[in-house]
Amino acid sequence: MTDSLGTMEDLPEDYRAAMQAAGVAPLWPMMRNVLPHGAPAPVTQTGHWTYASVRPLLLQAGELTPVEKAERRVLVLSDPGRGTGAMQATSTIYLGMQLLLPGETAPAHMHTPSAARIIVEGSGAFTVVDGERLPMEEGDLVLTPGGEWHDHGHDGEAPVIWLDALDLPLFVYLEGSYAVEGDLQAQRNRPDASQVEYLSAGLAPSRSTSRPRRYPMIRYPWQRTEAALREMARFGDADLPELDYVNPETGADVLPTMGFTAMMLPEGSTSAPPRRSCSSAFHVVRGRGRTRIDGKTVEWGEKDTFSVPVFAVVEHEADTEAFLVRVHDRPLQEKLGYYEERAR
Ligand code: 1HN
């Protein structure tokens, strides 16, 4: 291994011109850019999007832009490392805050990237995924896996806001991102599978009579997540109660590339997780505290969102009892065979 690779300037002018004309370039001056030593050199920088700053802008978008002119009325949370307007919060994760007003509908489409929504504010809205009507209540996680038809509607009285997380950047990079438009879906007249087939953890429709769908459970009601985290805090062995959202049939992550992990920080608690090779974004369902990310402090409050680059040194501290949901790309990295955790 050498630290002094040749540079472009080392090479004669006429040779550089000849390479240019032939459409080739030397690897060695660029090698370290794409293969830094020891750990990646992320472009992503920590972002912090306070609800206090995003909410009024989103409500204003509700006045300025009818949903028919937006299809999805969203403010995108841009990675500061890539600049405002960047369609991503980390290398693989797109985040946006979406507003739906009472009576509005967001038309049906399907696309190659997968999405999941965490409901931030309001009630009475619903998403229809492949004909299944999914109520959206605060803190719920609602999936729209790639290739599944989805539209949104709102029967309630007040604005509903949710956080969209998509693996869109990855699909753009793969040149695999596209959508197909369709008509609003007919809704099956029954509660969603979280209230029927998967009402109870550990119970699934009998295998002798049913063939599970690839995505059997689309909605994960927050009430259950919070109740489970509380019991983990009381009786669990882990220092910190954390729950991964999983497919109830397979135990695998809920989506192919994105994972979702709910955590509870009891009042006054601190947590110092290992450095992880995945990128993450945290959404604060409830509570107040701060997180140091590579020495930078994010003072977070209820409904805020903040991002964490790969391999960052992270420390959380909760001023009040706090519940956070972490969106991450660990499932993708595990599939690629390089997910890694390092001691701090
Ligand atoms: C999308 O389909 C939704 O269905 C939201 O609500 C945000 C951002 C990019 C591409 C598709 C939605 C999106 C999106």
Subject >> Least distance between heavy atoms, Pro309 atom then Thr46 atom >> reply: CD-OG1, 3.4 Å
Original post:
Within the side chain of Thr112, is there an N or O that forms a donor-acceptor pair under 3.5 Å with the backbone of Tyr178?
Top reply: yes
Subject >> Stepwise salt bridge (charged side-chain N to carboxylate O under 4.0 Å, His left out) check, Glu104 with Arg73 >> reply: CA-CA 11 Å; Glu104 287 184 337; Arg73 194 191 286 110; 2.7 Å; yes
Original post:
Under the ring pair (Phe, Tyr, Trp, His ring centres under 6.0 Å) criterion, do His111 and His109 qualify, and how do the steps go?
Top reply: CA-CA 7 Å; His111 39 68; His109 66 184; 4.7 Å; yes
Original post:
Counting distance only, does the side-chain N/O of Ser200 pair as donor-acceptor with the main-chain N or O of Leu203 below 3.5 Å?
Top reply: no
Original post:
Can you list the steps and then say if Val196 with Arg190 is a side-chain contact (heavy atoms from CB on, under 4.5 Å)?
Top reply: CA-CA 9 Å; Val196 184; Arg190 50 154 275 177; 3.7 Å; yes
**OP:** Could you verify whether a donor N or O on one side chain and an acceptor N or O on the other, from Ser280 and Arg326, lie under 3.5 Å apart?
**Re:** yes
Original post:
Between the side chains of Asp329 and Ser279, does any donor sit under 3.5 Å from an acceptor?
Top reply: yes
In a table with atom names and distances, give each donor-acceptor pair under 3.5 Å that connects a side chain of residues 156-167 to protein atoms at least two apart or in another chain.
residue : atom : partner : partner atom : Å
Trp162  : NE1  : Asp164  : OD1          : 2.8
Asp164  : OD1  : Arg117  : NH1          : 2.3
Asp164  : OD2  : Gln98   : NE2          : 2.7
Asp167  : OD1  : Ser114  : N            : 2.7
Asp167  : OD2  : Thr257  : OG1          : 2.8

Original post:
How close do Leu99 and Gly62 get, heavy atom to heavy atom, and via which atoms?
Top reply: CD2-CA, 3.7 Å
Subject >> Between OG1 on residue Thr270 and CZ on residue Arg292, distance to nearest 0.5 Å >> reply: 9.0 Å
**OP:** Can you sort out the partners of Leu57 under side chain to side chain contact (heavy atoms under 4.5 Å, CB included), two or more places apart, ordered by chain and number?
**Re:** Gln60, Leu75
**OP:** Begin with the C-alpha distance, continue with both residues' side-chain angles, and end with the deciding distance and a verdict on salt bridge (charged side-chain N to carboxylate O under 4.0 Å, His left out) for Arg275 and Glu315.
**Re:** CA-CA 10 Å; Arg275 296 170 67 204; Glu315 289 160 273; over 6 Å; no
Original post:
Side-chain heavy atoms under 4.5 angstrom apart, residues restricted to Ile, Leu, Val, Met, Phe, Trp, Tyr: same cluster for Ile93 and Val308?
Top reply: no
Subject >> Donor + acceptor pair across side chains of Gln45, Asp79 (<3.5 Å) >> reply: no
Original post:
Is there a chain of hydrophobic side chains (I, L, V, M, F, W, Y, each step under 4.5 Å between heavy atoms) that links Val120 to Leu77?
Top reply: yes
Subject >> Polar side-chain atom of Gln333 near backbone of Cys278 as donor-acceptor pair, under 3.5 Å >> reply: yes
Subject >> Heavy-atom check, side chain of Asp151 versus side chain of Gln185, under 4.5 Å >> reply: yes
Subject >> Min side-chain heavy-atom separation Glu302-Arg288 under 4.5 Å >> reply: no
Subject >> Residues Thr127 and Arg133: side-chain donor-acceptor under 3.5 angstrom >> reply: no
Original post:
Quick one: are Arg82 and Val43 in side-chain contact, heavy atoms under 4.5 Å?
Top reply: yes
**OP:** Indicate if Leu174 and Leu332 have the same hydrophobic cluster label, given that clusters are the connected sets of ILVMFWY residues with side-chain heavy-atom separations under 4.5 angstrom.
**Re:** yes
**OP:** Could you tell me which non-hydrogen atom of Pro102 sits nearest to which non-hydrogen atom of His154, and how far apart they are?
**Re:** N-CD2, 3.4 Å
Original post:
Does some side-chain heavy atom of Met258 sit less than 4.5 Å from a side-chain heavy atom of Phe260?
Top reply: yes
Original post:
Going by an N to O cut-off under 4.0 Å, is there a salt bridge joining Arg214 and Glu148?
Top reply: no
**OP:** Taking only Lys NZ, Arg NE, NH1 and NH2, and the carboxylate oxygens of Asp or Glu, determine whether Arg213 and Glu249 approach each other closer than 4.0 Å.
**Re:** no
Subject >> Cluster check Val254, Met263: I/L/V/M/F/W/Y, side chain < 4.5 angstrom >> reply: no
Subject >> Neighbour count above 12 (heavy atom, 6.0 Å) for Arg207 CZ >> reply: no
Original post:
Is a side-chain donor-acceptor pair under 3.5 Å present for Thr261 with His328?
Top reply: yes
Original post:
Under a single-linkage rule joining Ile, Leu, Val, Met, Phe, Trp and Tyr whose side-chain heavy atoms are separated by less than 4.5 Å, which residues share a cluster with Phe311?
Top reply: Val310
**OP:** Please test His48 against Thr50 for side-chain contact (heavy atoms from CB on, under 4.5 Å), starting from the C-alpha separation and ending with a verdict.
**Re:** CA-CA 6 Å; His48 178 203; Thr50 66; 3.6 Å; yes
Subject >> Nearest heavy atoms of Ala116 and Leu255, plus distance in Å >> reply: CB-CD1, 4.2 Å
Subject >> Euclidean distance, Asp10 CG relative to Arg16 CZ, rounded to 0.5 Å >> reply: 9.0 Å
Subject >> Exam field: side chain Ser177 to backbone Val172, donor-acceptor pair closer than 3.5 Å >> reply: no
Original post:
Does a side-chain heavy-atom distance below 4.5 Å link His37 with Arg32?
Top reply: yes
Original post:
Are Arg342 and Glu340 within salt-bridge range, i.e. N to O under 4.0 Å?
Top reply: yes
Original post:
Looking only at atom types and distance, does a side-chain atom of Ser307 sit under 3.5 Å from a main-chain N or O of Gly47, one as donor and one as acceptor?
Top reply: yes
**OP:** Please answer whether the main-chain N or O of Glu267 pairs with a side-chain N or O of Asp319 as donor and acceptor at a distance below 3.5 Å.
**Re:** no
Subject >> Contacts of Ser269 that satisfy side chain to side chain contact (heavy atoms under 4.5 Å, CB included) - sequence neighbours left out >> reply: Leu265, Pro266, Ala318
**OP:** Please report the closest heavy-atom contact between Leu95 and Ala89, naming both atoms and the distance.
**Re:** CD1-CB, 3.7 Å
Subject >> Minimum heavy-atom distance Gln88-Pro169, with the two atoms named >> reply: CB-CG, 3.6 Å
Original post:
Do Glu175 and Tyr173 have a side chain donor and acceptor closer than 3.5 Å?
Top reply: no
Original post:
Would a 4.5 Å heavy-atom cut-off, applied to side chains only, mark Phe126 and Asp155 as touching?
Top reply: yes
**OP:** Show your reasoning for whether side-chain contact (heavy atoms from CB on, under 4.5 Å) applies to Leu229 and Arg234.
**Re:** CA-CA 9 Å; Leu229 286 170; Arg234 283 176 68 194; over 6 Å; no
Original post:
Is a donor on one side and an acceptor on the other found under 3.5 Å between the side chain of Ser210 and the backbone of Pro212?
Top reply: no
**OP:** Would you give the length of the straight line joining atom CG of Leu27 to atom CE of Met31, rounded to the nearest 0.5 angstrom?
**Re:** 5.0 Å
Original post:
Can Tyr198 be reached from Leu243 by stepping across I, L, V, M, F, W or Y side chains whose heavy atoms are under 4.5 Å apart?
Top reply: yes
Original post:
Hey, are the side chains of Tyr94 and Val76 touching, using non-hydrogen atoms and a 4.5 Å cut-off?
Top reply: yes
**OP:** Look at the rings of Phe282 and Phe306 and say which category their plane angle falls in: under 30° parallel, 30 to 60° tilted, over 60° perpendicular.
**Re:** parallel
Original post:
In chain order, what residues pass the salt bridge (charged side-chain N to carboxylate O under 4.0 Å, His left out) check against Arg330, with sequence neighbours excluded?
Top reply: Asp244, Asp253, Glu334
In residues 134-143, what donor-acceptor pairs under 3.5 Å come from side-chain atoms, sequence neighbours left out?
residue : atom : partner : partner atom : Å
Glu138  : OE1  : Lys303  : NZ           : 3.4
Glu138  : OE2  : Gly122  : N            : 3.1
Asp140  : OD1  : Trp222  : N            : 2.8
Asp140  : OD2  : Glu137  : N            : 3.0
Asp140  : OD2  : Arg219  : NE           : 3.1
Asp140  : OD2  : Arg219  : NH2          : 3.1

Original post:
Is any side-chain heavy atom of Tyr220 less than 4.5 Å from a side-chain heavy atom of Ser194?
Top reply: no
